Amino acid sequence: MKGIYPGSFDPITNGHIDIIRRASKLCDTLVILVIDNREKNITYSLEDRIEMIKLVTKDVPGVVIDTYSGLTSDYIANNNIDVIIRGVRNTIDYEYEASLASIYKSQVSDVETIMLASDSKYSYLSSTVVRQHAMLHGNLSEFVPEIIVPIIKSIYK
Ligand code: ADP
């Protein structure tokens with residue numbers, strides 16, 4: 001089974017990593033797709049976001065990192081993707097993810113969305129929380145692996 005975990009990963013957090021580890025047990029190959037065409041403001045460069053993902057997923061079997069600037073549904077249709085993995089922290093995430101899943105289903109009829117419930121340890125954690133703490137020079141050790149802290153802090157010197 002080939003899965004895709006699409007997102008901004010701006011930056012990747014322990015919450016994302018938990019989803020990746022759990023999804024890798026369900027999929028033979030898991031493509032982490034770093035989306036590069038968001039209307040929303042992105043803080044970290046594509047290169048930095050990919051580098052951070054590489055550093056923290058080195059030991060996870062079956063993980064491939066890719067990037068795409070078009071429609072995620074086109075990537076899914078053109079790369080033989082069986083399942084889309086998304087993480088759900090709360091009902092707000094659920095509403096959003098359920099509508100996204102309907103859109104993907106209408107565009108690529110044989111793809112299924114699997115929503116993994118966030119581990120309660122990470123249900124408050126978002127890339128925004130990490131960026132805010134980094135900006136205010138707070139401690140990031142609860143939020144992201146130590147190995148990527150220098151990259152996260154580098155833009156707030
Ligand atoms: P997007 O811009 O697509 O929402 P994100 O990088 O913010 O990209 O999130 C990618 C996916 O990871 C989404 O499905 C999101 O709900 C999920 N996610 C983000 N943070 C967490 C977390 N702490 N626990 C579980 N899932 C999460």
Side-chain angles (χ1 to χ4, degrees), residues 2-27 29-57 60 62-77 79 81-108 111-135 138-146 148-149 151-152 155:
K2 189 170 180 187
I4 186 177
Y5 182 39
S8 317
F9 305 107
D10 188 36
I12 192 165
T13 70
N14 287 338
H16 292 125
I17 297 165
D18 179 57
I19 298 291
I20 291 167
R21 287 190 185 285
R22 290 160 56 199
S24 75
K25 293 182 190 153
L26 306 173
C27 302
T29 303
L30 178 67
V31 180
I32 303 177
L33 191 70
V34 187
I35 300 295
D36 185 30
N37 69 334
R38 291 297 168 95
E39 306 136 358
K40 61 181 181 184
N41 289 332
I42 294 292
T43 301
Y44 293 92
S45 68
L46 186 62
E47 292 70 28
D48 278 354
R49 286 182 284 147
I50 291 172
E51 177 63 15
M52 289 189 269
I53 296 171
K54 269 191 195 148
L55 286 168
V56 299
T57 58
V60 187
V63 162
V64 173
I65 303 166
D66 201 358
T67 175
Y68 194 59
S69 57
L71 275 178
T72 307
S73 50
D74 288 341
Y75 185 96
I76 291 165
N79 288 274
I81 303 294
D82 302 301
V83 292
I84 304 161
I85 304 288
R86 298 286 288 177
V88 177
R89 286 162 290 193
N90 49 44
T91 55
I92 299 166
D93 273 358
Y94 177 75
E95 296 283 336
Y96 175 66
E97 296 300 341
S99 54
L100 254 188
S102 303
I103 294 169
Y104 289 139
K105 193 74 188 163
S106 70
Q107 293 175 340
V108 193
V111 75
E112 300 297 342
T113 295
I114 299 180
M115 296 183 206
L116 295 180
S118 169
D119 186 309
S120 57
K121 283 202 293 284
Y122 305 126
S123 59
Y124 65 92
L125 183 53
S126 64
S127 298
T128 308
V129 166
V130 174
R131 290 195 305 272
Q132 284 169 344
H133 276 71
M135 194 185 306
N139 185 351
L140 301 179
S141 59
E142 265 179 63
F143 307 145
V144 300
E146 212 52 54
I148 62 171
V149 168
I151 302 178
I152 292 177
I155 63 165

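Ligands are counted one by one from 1 in listed order, and the atoms in each one are counted from 1 as well. Note that the structure is predicted; figures quoted are calculated from it, not measured. Sequential numbering from 1 along the given sequence is applied to the chain's residues.
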Once salt bridge (Lys or Arg N to Asp or Glu O under 4.0 Å) is applied, do any residues pair with Lys54, and if so which ones, sequence neighbours excluded?
none
So for ligand 1, is Ser127 a polar contact partner (N or O within less than 3.5 Å, distance only)?
no
Return a yes/no value for Ser126: is any of its N or O atoms, backbone included, closer than 3.5 angstrom to an N or O of ligand 1?
no
Please state which option from Tyr5, Tyr122, Tyr124, Phe9 has its nearest heavy atom closest to atom 6 (O) of ligand 1.
Phe9
Closest to atom 24 (N) of ligand 1 among Ser118, Ser8, Ala117, Pro6 (heavy-atom distance):
Ser118
Side-chain donor/acceptor of Arg49 to backbone N/O of Ser8, under 3.5 Å:
yes
Non-hydrogen atom of Ile19 closer than 4.0 Å to ligand 1:
yes
Within 4.0 Å of some non-hydrogen atom of Asp93, the atoms of ligand 1 are 16 (O)
A student checking ligand 1 against Glu97 at a 4.0 Å heavy-atom cut-off should list atoms 13 (C), 14 (O), 16 (O)
Say whether Gly87, considering both its backbone and side-chain N or O atoms, lies within less than 3.5 Å of an N or O atom on ligand 1.
yes
Taking distance alone, with N or O pairs closer than 3.5 Å, would you say Asp10 contacts ligand 1?
no
Would you mind listing which atoms of ligand 1 come within a distance below 4.0 Å of any non-hydrogen atom of Leu125?
20 (N), 22 (C), 23 (N)
Shortest non-hydrogen contact from Arg89 toward Ser126
NH1-CB, 3.4 Å
Salt bridge (Lys or Arg N to Asp or Glu O under 4.0 Å) assessment of Asp10 paired with Arg131:
CA-CA 8 Å; Asp10 188 36; Arg131 290 195 305 272; 3.6 Å; yes
dist Asp36:CG -> Thr67:OG1 (nearest 0.5 Å) comes out at 4.5 Å
With a 3.5 Å distance limit and no angle check, can you tell me whether Thr29 reaches the backbone of Gly62 through a side-chain donor-acceptor pair?
no
d(Asn14 CG, Ser141 OG) to nearest 0.5 Å is 9.5 Å
